[in-house]
Amino acid sequence: MASLSLNLRGLASRLIPSRPLLQPITSKCIAAFSTTPTLPAPVDPKAAAAKAKLKASKAAAKAKKSKRKGAEEKDPKIIQMMRHFAAHNPKNIPPPLRMARNRYLRHWTIHRGWLMFRRKQREERERTLMRQYQSMSAACEELRLTNGPGTRDTGYLYRVAMEKKGVYGHKGIPIEYARAQTDTPAKIAWNHEWKR
């Protein structure tokens with residue numbers, strides 16, 4: 001029964017507000033509807049001086065802060081570089097993996113298996129490229145030693161095969177020669193206004 005009365009008391013305290021719903025009438029409320037001016041309260045000179053001093057110190061601190069903020073504004077490139085270096089700071093690099101012996105052996109075995117698989121793929125690709133290169137070299141050597149058709153001399157077919165006529169279009173050149181080779185890219189990568 002006691003717990004029920006406590007629960008009801010708590011419920012009643014939540015439903016019935018402890019403060020009055022109507023605010024007491026003050027001079028501020030009346031001032032909006034009144035036509036007569038209200039008199040200000042008497043001001044203590046010491047309190048007014050302390051208030052003015054506090055206001056001035058706040059304004060000075062704000063000006064100093066805004067000055068400091070203006071000086072801290074940096075170029076976006078510098079900000080990006082600082083973020084990059086902060087991310088690669090040795091303090092931010094996570095510690096190496098710490099594993100138990102069996103887990104480490106499993107990890108090492110899988111890693112070595114992956115490296116062996118990649119090496120096998122790479123060597124197979126290199127062998128294929130070497131076979132292709134050797135077969136092209138043998139074909140070119142055969143063309144070089146073969147007599148040309150009709151009255152053509154030896155090596156005529158080889159010379160014709162090595163010519164690149166029509167590969168880059170009619171009287172064309174490779175695209176690499178269209179612009180002088182430089183170490184850095186152009187300031188304007190593509191001229192969209194260009195017309196033939």
Side-chain angles (χ1 to χ4, degrees), residues 57-196:
S57 67
K58 281 184 180 178
K62 190 176 181 183
K64 193 175 184 182
K65 192 174 182 183
S66 67
K67 227 185 240 184
R68 215 177 322 131
K69 196 183 286 182
E72 288 179 8
E73 290 181 15
K74 295 179 181 167
D75 187 24
K77 289 182 182 178
I78 294 174
I79 293 170
Q80 182 65 30
M81 285 170 37
M82 290 171 69
R83 283 186 186 149
H84 172 78
F85 292 132
H88 292 86
N89 189 352
K91 292 178 183 175
N92 296 336
I93 295 173
L97 292 174
R98 292 186 177 92
M99 295 183 249
R101 184 177 289 124
N102 284 339
R103 189 171 178 201
Y104 177 77
L105 285 172
R106 259 198 323 264
H107 174 77
W108 181 83
T109 307
I110 293 167
H111 180 69
R112 290 297 301 163
W114 172 245
L115 290 179
M116 288 169 63
F117 170 72
R118 286 179 60 193
R119 185 178 67 203
K120 188 176 175 184
Q121 275 189 327
R122 186 179 65 247
E123 288 173 354
E124 182 61 36
R125 189 168 56 245
E126 287 172 359
R127 277 196 298 273
T128 305
L129 287 172
M130 183 59 76
R131 278 197 306 270
Q132 291 174 349
Y133 177 78
Q134 286 174 345
S135 64
M136 285 191 304
S137 180
C140 287
E141 186 63 22
E142 188 63 33
L143 283 174
R144 195 174 70 78
L145 298 175
T146 304
N147 290 329
T151 58
R152 304 286 184 178
D153 59 341
T154 306
Y156 171 78
L157 293 174
Y158 175 77
R159 289 192 304 275
V160 170
M162 290 299 114
E163 288 176 356
K164 304 270 190 292
K165 284 185 180 172
V167 172
Y168 304 108
H170 181 65
K171 293 186 180 179
I173 57 169
I175 192 67
E176 290 85 11
Y177 301 138
R179 176 175 178 268
Q181 302 295 301
T182 58
D183 292 333
T184 57
K187 288 182 181 176
I188 300 171
W190 188 261
N191 183 7
H192 293 276
E193 312 303 323
W194 185 85
K195 298 214 178 353
R196 186 177 288 259

Got a sec, which residues hit side-chain contact (heavy atoms from CB on, under 4.5 Å) with [X], two or more places apart in sequence or on another chain?
{"X": "Arg106", "result": "Arg103"}
{"X": "Pro185", "result": "none"}
{"X": "Pro174", "result": "Tyr168, Glu176, Tyr177"}
{"X": "Met162", "result": "Cys140, Tyr158"}

### Query
Of all residues at least two apart in sequence or in a different chain, which pass the salt bridge (charged side-chain N to carboxylate O under 4.0 Å, His left out) check with Arg112?
none
### Query
Is the shortest heavy-atom distance from the side chain of His111 to the side chain of Leu115 under 4.5 Å?
yes
### Message
For a quick test of reading the model, state the closest non-hydrogen atom pair linking Leu157 to Leu143 and the distance between them.
### Response
CB-CD2, 3.8 Å
### Message
Strictly by ring pair (Phe, Tyr, Trp, His ring centres under 6.0 Å), give each pair with a member in residues 90-110 just once, sequence neighbours left out.
### Response
none
### Task
Might you confirm whether atom CD1 of Ile173 has over 12 heavy atoms from other residues, nucleotides or ligands at distances under 6.0 Å?
yes
### Message
Does Met99 have more than 12 heavy atoms from other residues, nucleotides or ligands lying within 6.0 Å of its CE?
### Response
yes
### Query
Any donor-acceptor pair under 3.5 Å linking the side chain of Thr109 with the backbone of Leu105?
yes
Listing request: all salt bridge (Lys or Arg N to Asp or Glu O under 4.0 Å) pairs with a residue in [range], at least two apart in sequence or in separate chains.
{"range": "residues 124-151", "answer": "Glu124-Arg127, Glu141-Arg144"}
{"range": "residues 184-196", "answer": "none"}
{"range": "residues 76-85", "answer": "none"}
{"range": "residues 153-166", "answer": "Asp153-Arg159, Glu163-Lys165"}

#### Entry: Under the ring pair (Phe, Tyr, Trp, His ring centres under 6.0 Å) test, residues paired with Phe117 that sit two or more places apart
Trp114
### Task
Sequence neighbours left out, what passes ring pair (Phe, Tyr, Trp, His ring centres under 6.0 Å) with His84? Give chain and number order.
His88
### Query
What is the distance from atom CD of Gln132 to atom CD of Gln134, rounded to the nearest 0.5 Å?
11.0 Å
